[in-house]
Amino acid sequence: MADLDGVKEAKNFHAGVPQKSEGFFLKGSNSLDWGMKNRLARIFNPQSGNTVMLAVDHGYFQGPTTGLERIDLDILPLVPYADTLMLTRGILRSIVPPSMTLPIVIRASGGSSILKELSNEEIAVAVEDSVRLNVSAMAVQVFIGGEYEKQSIHNMTRLIDQGIRAGIPTLAVTAVGTDMARDARYFRLATRICAELGAHYVKTYFIEEGFETVTSCCPVPIVIAGGKKLPELDALTMAYKAIQQGANGVDMGRNIFQSEAPKAMIQAVGAVVHRNETPEKAFQMYNDLKNQK
Ligand code: R5P
């Protein structure tokens with residue numbers, strides 16, 4: 001039985017102090033439920049509003065990509081410098097220690113390899129498994145203009161519905177066919193469709209002309225993929241321009257893990273994304289850290 005003797009009288013009511021009702025820091029996310037917001041606040045740093053997602057999910061359609069042959073040896077050492085790890089459940093269960101507390105974005109679509117039509121995907125992870133894996137978001141590929149456009153959009157909307165039931169946000173990844181124009185008009189179309197249909201944030205590519213129009217008319221946060229390996233200064237410049245033009249972070253893979261010094265590179269990217277460091281200063285930082293080896 002509870003001990004009721006000597007119970008202190010409650011008195012700190014602060015009756016004159018209105019309870020704070022904070023708006024949520026992330027674009028377009030204020031009306032989401034608590035669990036969704038909490039998961040997004042693990043992915044996006046609430047101080048800077050931005051994220052460095054380390055993308056290592058490439059194996060789901062292209063096998064052991066250069067730099068990802070041994071995720072245990074070459075990627076796990078980068079984890080302390082990332083805000084989020086984006087990967088498949090196979091790699092998560094087989095290689096990543098559960099004691100690692102970094103938020104996970106799970107690759108939740110798949111179904112075709114580089115040998116076939118890539119847009120022919122399905123949902124590849126049940127939402128129950130995402131819950132079991134304690135992920136912070138689920139990523140689905142969307143092929144606007146692709147051969148299986150409707151199917152990929154339907155994958156996204158089903159995943160969003162399942163995620164809403166579980167309180168897990170969905171990241172829509174806009175995939176561009178090799179024969180399609182990568183311009184502002186296309187990316188406005190692709191990102192806006194994903195957001196209109198309920199994606200909680202969208203991944204797309206940076207473009208030199210008109211990227212700010214892509215971010216400004218997308219009502220939820222945008223992160224950029226790194227794309228093919230570039231010289232380090234060029235990759236840092238791309239990340240810098242994207243952040244200055246309204247992106248809320250990067251979901252970067254090859255430009256980090258294929259760098260000559262991945263640990264130095266991810267820290268330099270972090271300086272650009274979280275502290276608005278200029279590409280030149282971040283590149284200097286990269287070289288300094290690289291030479292400390
Ligand atoms: C590609 O479909 C994968 O989802 C990657 O996560 C994405 O492309 C980002 O990686 P990268 O920076 O290497 O382009």
Side-chain angles (χ1 to χ4, degrees), residues 43 51-69 71 74-75 78 81-92 103-125 135-144 146 148 152 155-156 159 170-178 180 182 187 190-191 194 199 201-207 222-232 234-243 247-259 262 265-266 268-270 272-273:
I43 296 168
T51 186
V52 175
M53 296 177 61
L54 177 57
V56 297
D57 61 325
H58 306 59
Y60 96 93
F61 68 100
Q62 60 185 52
T65 312
T66 307
L68 297 181
E69 299 88 342
I71 288 181
D74 295 325
I75 298 300
L78 306 180
Y81 309 103
D83 295 303
T84 308
L85 196 54
M86 179 186 180
L87 77 183
T88 59
R89 65 176 167 184
I91 294 294
L92 183 63
I104 297 298
V105 174
I106 204 84
R107 157 62 57 187
S109 64
S112 36
S113 76
I114 42 171
L115 306 177
K116 295 272 188 177
E117 167 54 44
L118 282 176
S119 66
N120 191 7
E121 283 198 345
E122 302 282 346
I123 292 176
V125 178
V135 307
S136 293
M138 302 180 291
V140 57
Q141 212 83 349
V142 182
F143 297 83
I144 303 298
Y148 291 85
S152 72
N155 291 339
M156 177 186 72
L159 201 66
T170 296
L171 164 63
V173 177
T174 60
V176 197
T178 44
M180 287 195 259
R182 290 183 174 220
F187 286 119
T191 56
C194 294
Y201 70 113
V202 182
K203 171 166 132 181
T204 189
Y205 290 91
F206 177 73
I207 37 161
I222 281 185
V223 295
I224 60 152
K228 284 183 187 149
K229 172 75 177 72
L230 301 168
E232 277 74 5
D234 293 356
L236 293 166
T237 303
M238 176 177 69
Y240 179 79
K241 287 181 181 171
I243 297 294
N248 286 107
V250 298
D251 186 19
M252 195 175 266
R254 287 162 287 178
N255 276 293
I256 292 173
F257 61 70
Q258 291 179 354
S259 165
M265 186 59 180
I266 193 170
V269 171
V272 168
V273 167

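When reading the values below, keep in mind they use all heavy atoms of this one structure, side chains included, and skip hydrogens, waters and symmetry mates. Ligands are counted one by one from 1 in listed order, and the atoms in each one are counted from 1 as well.
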Undergrad: Say whether Lys203 and ligand 1 are in contact under the criterion: heavy-atom distance to a ligand atom below 4.0 Å.
TA: yes

Undergrad: Report yes if some heavy atom in the side chain of Phe257 is under 4.5 Å from a heavy atom in the side chain of Asp74; otherwise report no.
TA: no

Undergrad: Can you list the atoms of ligand 1 that are under 4.0 Å from a heavy atom of Ala55?
TA: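 Selected atoms, number and element: 6 (O), 9 (C), 10 (O).
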
Undergrad: Just jot down the ligand 1 atoms closer than 4.0 angstrom to any heavy atom of Arg254, in number order.
TA: 11 (P), 12 (O), 13 (O), 14 (O)

Undergrad: Quick one: does Gly227 get an N or O within less than 3.5 Å of an N or O on ligand 1?
TA: yes

Undergrad: Which heavy atom of Met265 sits nearest a heavy atom of Ser259, and at what distance?
TA: CB-OG, 3.7 Å

Undergrad: Under 3.5 Å, is there a donor-acceptor pair between the side chain of Ser109 and the main chain of Val140?
TA: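 No: the side chain of Ser109 does not pair with the backbone of Val140.
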
Undergrad: Glu121 versus Tyr60: any side-chain heavy-atom pair under 4.5 Å?
TA: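 In contact.
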
Undergrad: Who gets closest to atom 4 (O) of ligand 1 by heavy atom: Asp57, Val105, Leu118, Thr174?
TA: Asp57

Undergrad: Working to the nearest 0.5 angstrom, can you tell me the gap between Ile266 CD1 and Asp83 CG?
TA: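 So the CD1 of Ile266 and the CG of Asp83 are separated by 8.5 Å.
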
Undergrad: Please enumerate all residues that pass ring pair (Phe, Tyr, Trp, His ring centres under 6.0 Å) together with Phe206, with sequence neighbours excluded.
TA: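 Counting only residues at least two positions away or on another chain, Phe206 forms a ring pair (Phe, Tyr, Trp, His ring centres under 6.0 Å) with Phe211.
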
Undergrad: So which bit of Lys228 gets within less than 4.0 Å of ligand 1, heavy atoms only: side chain, backbone, both or neither?
TA: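 Neither part.
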
Undergrad: For ligand 1, which atoms sit closer than 4.0 Å to a heavy atom of Asp251?
TA: 9 (C), 12 (O)

Undergrad: Under 4.0 Å from a heavy atom of Met252: give me the atoms of ligand 1 that qualify, with their elements.
TA: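 Per the distance check, 12 (O).
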
Undergrad: Does an N or O anywhere in Phe61 fall below 3.5 Å from an N or O of ligand 1?
TA: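 Checking ligand 1 against Phe61, no N or O pair falls under 3.5 Å apart.
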
Undergrad: For Val173 and ligand 1, answer yes if some heavy atom of the residue is under 4.0 Å from a ligand atom, otherwise no.
TA: no

Undergrad: Test of understanding: with salt bridge (Lys or Arg N to Asp or Glu O under 4.0 Å), list the residues that count as partners of Glu232, not counting sequence neighbours.
TA: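 For Glu232, the residues satisfying salt bridge (Lys or Arg N to Asp or Glu O under 4.0 Å) (neighbours in sequence not counted) are Lys229.
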
Undergrad: So do Ile91 and Val56 actually touch side chain to side chain, heavy atoms under 4.5 Å?
TA: no

Undergrad: Using a strict 4.0 Å cut-off to heavy atoms of His58, name the atoms of ligand 1 that fall inside it.
TA: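 Selected atoms, number and element: 5 (C), 10 (O), 11 (P), 13 (O).
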
Undergrad: Relative to the heavy atoms of Gln141, which atoms of ligand 1 are at a distance of less than 4.0 Å?
TA: 2 (O)

